[in-house]
Amino acid sequence: MTLGRTPFLLLAALAAAAAAPSYAEDGADLVLQHGVFYPVQPPGRVEGSLAVRGGRIVYLGPDAGAERFRGPHTRVVDLAGRTVTPGLIDAHSHLRDLGRNLAEVDLTGAPTYDEVVRRVREAAARAPQGAWVFGNGWDQNRWPGKQFPSHEPLSAAVPDHPVWLNRVDGHAALVNARAMEILGIDASTKDPAGGRFLRDASGRPSGVLVDNAMHIADRLPGPSREENERWLRDGARQCLAVGLTTATDMGVDGDLIAAYQALRQTGELPLRAAVFVADNQPLLDEWFRRGPEIDPEARLTIRGVKMYADGALGSRGAALLEPYSDDPGNIGLLLTPGAHMEDVARRAVAAGFQVAIHAIGDRGALVALDAMEKALGGPRPEARFRLEHTQIVRVQDLERMARLGVIASMQPTHATSDMPWAGDRLGEGRLERAYAWRKVLNFGGRLALGSDFPVESPDPRLGIYAAVTRQDLAGNPPGGWLPGERLTREEALRGFTLDAAWSLFLEKEVGSLEVGKRADLVVFARDIMTVPEAEIPRVEVDMTVVDGKVVHERGRTP
Ligand SMILES: [Zn+2]
């Protein structure tokens with residue numbers, strides 16, 4: 001329409017129509033009525049209805065006000081008092097690996113090394129002759145003696161298949177003799193920078209590879225496009241079932257990015273994904289040249305870079321300022337030099353990317369924050385730099401993060417998984433700086449919550465529960481571990497919604513139930529904000545909605 005030839009009266013009529021929209025003709029696509037809504041922004045609680053049209057929220061308020069949005073094609077859902085929150089967002093996760101783990105041997109919860117060997121032997125018996133057997137989730141801290149395993153029992157039980165078993169935190173792997181043969185690991189193999197091959201008394205590799213030593217597997221062929229796409233679809237399905245509408249993939253290679261882009265093109269990405277590019281020179285050169293991928297529909301966001309300052313606490317690879325209390329000669333591993341992190345951070349900012357640095361130990365965090373501060377040149381919250389995990393961080397560095405606007409990306413279930421042995425690693429004196437969510441908020445910092453799935457369960461109900469109780473699922477320890485760090489339920493919900501969205505540049509699109517935002521939301525069977533704390537993990541997810549479309553309903557497969 002050319003405005004110059006439009007009669008004035010028609011323009012006036014159009015203006016009036018815009019001022020008082022009428023949905024009588026076709027109505028909203030979806031109306032949720034008789035519900036209890038926690039919009040997050042503004043904080044509080046709204047009883048009534050929410051209407052969605054064209055994938056966006058067009059109304060939230062009393063039931064009577066929603067009547068005008070009812071049309072002949074409107075799906076009306078009577079919530080009968082059920083509870084609605086914004087769609088939950090996992091700010092740090094590994095979506096592809098979640099799907100991939102379904103296809104591999106699950107070693108989580110194995111109470112002994114014998115049990116690990118048993119599960120792997122069973123899987124190997126079903127695998128094609130000579131094929132690799134992959135597994136995930138072993139944790140020697142659950143076994144009697146808590147010692148790292150040695151490959152011999154595994155090699156004796158599974159002599160013909162090469163075996164690769166990731167530790168629960170992904171920062172160590174156990175391989176058998178056949179795998180060492182294929183990978184060329186023997187007594188003469190040198191430890192790489194930022195990694196080590198654990199050895200027995202005679203210097204022979206024990207089969208445990210820590211941190212950068214795991215890169216020896218880079219010489220094996222990676223997954224196919226078809227496998228990556230299948231694992232992404234499987235991972236997404238698991239997320240939607242627990243109320244996650246946005247997931248992340250921290251540190252991905254070019255092949256996996258191509259799989260994301262293919263699914264995005266064909267409309268097979270049923271949730272939002274934010275992808276952080278791995279610290280790999282040619283890949284970063286390519287992305288810094290072409291700039292971030294900002295999807296107008298916010299389905300696939302590629303505008304972050306992931307780096308590693310150090311390893312993990314469970315495998316004693318986290319870099320500490322003082323030695324481990326239970327390993328006095330060891331201060332952990334710095335995986336990336338500070339100068340490199342600073343250089344990548346500078347280039348990232350110039351190219352419009354954010355930076356996310358994995359830092360678990362206080363020395364890892366110190367080096368990462370020094371690099372970030374130099375690259376930022378001072379407080380710059382709009383750059384959305386993120387410190388991943390923020391597990392053991394000196395109190396003055398937590399304060400520095402708040403001042404610089406560096407987001408604390410934290411995973412509440414890590415704290416409750418690690419609490420039985422974190423004190424052994426750190427000693428009582430260092431615990432004030434451990435998993436200190438409350439201190440982050442008290443300094444005015446921003447907390448983006450997640451799970452690091454598949455390291456932990458993707459279920460955000462477990463994250464909210466851990467954040468507000470700092471207890472395991474049995475309610476231990478009574479009163480919570482370091483209970484001064486507990487969050488309120490409102491703070492935990494904000495960390496899994498609006499502030500997680502902020503940490504991904506998505507806060508204008510999602511993260512709260514506000515008119516104009518995309519309609520990503522979760523319907524819970526009971527009020528997750530008021531049920532007794534012990535009930536939080538069991539509040540059923542009845543419905544998950546992305547862009548106004550119901551993508552999961554309990555008891556049905558849409
Ligand atoms: Zn991770």
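In what follows, residues are counted from 1 in the order of the sequence shown. The structure displayed is predicted, hence computed values, not measured ones. Only this structure's heavy atoms are used, side chains among them; waters, hydrogens and symmetry mates stay out. As the structure lists them, so they are numbered: ligands from 1, and atoms in each ligand from 1.
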With no hydrogens and no angle check, just 3.5 Å: does a side-chain donor-acceptor pair link [X] and [Y]?
{"X": "S417", "Y": "E456", "result": "yes"}
{"X": "D452", "Y": "Q411", "result": "no"}
{"X": "S457", "Y": "D459", "result": "no"}

- Answer yes or no: is there a side-chain heavy-atom contact under 4.5 Å between P323 and N330?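 No. Closest side-chain heavy atoms not under 4.5 Å.
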
Would you say the Zn ion (ligand 1) has [X] as a near neighbour, meaning an N/O/S atom of that residue under 2.8 Å away?
{"X": "H389", "answer": "no"}
{"X": "D452", "answer": "yes"}
{"X": "H92", "answer": "yes"}

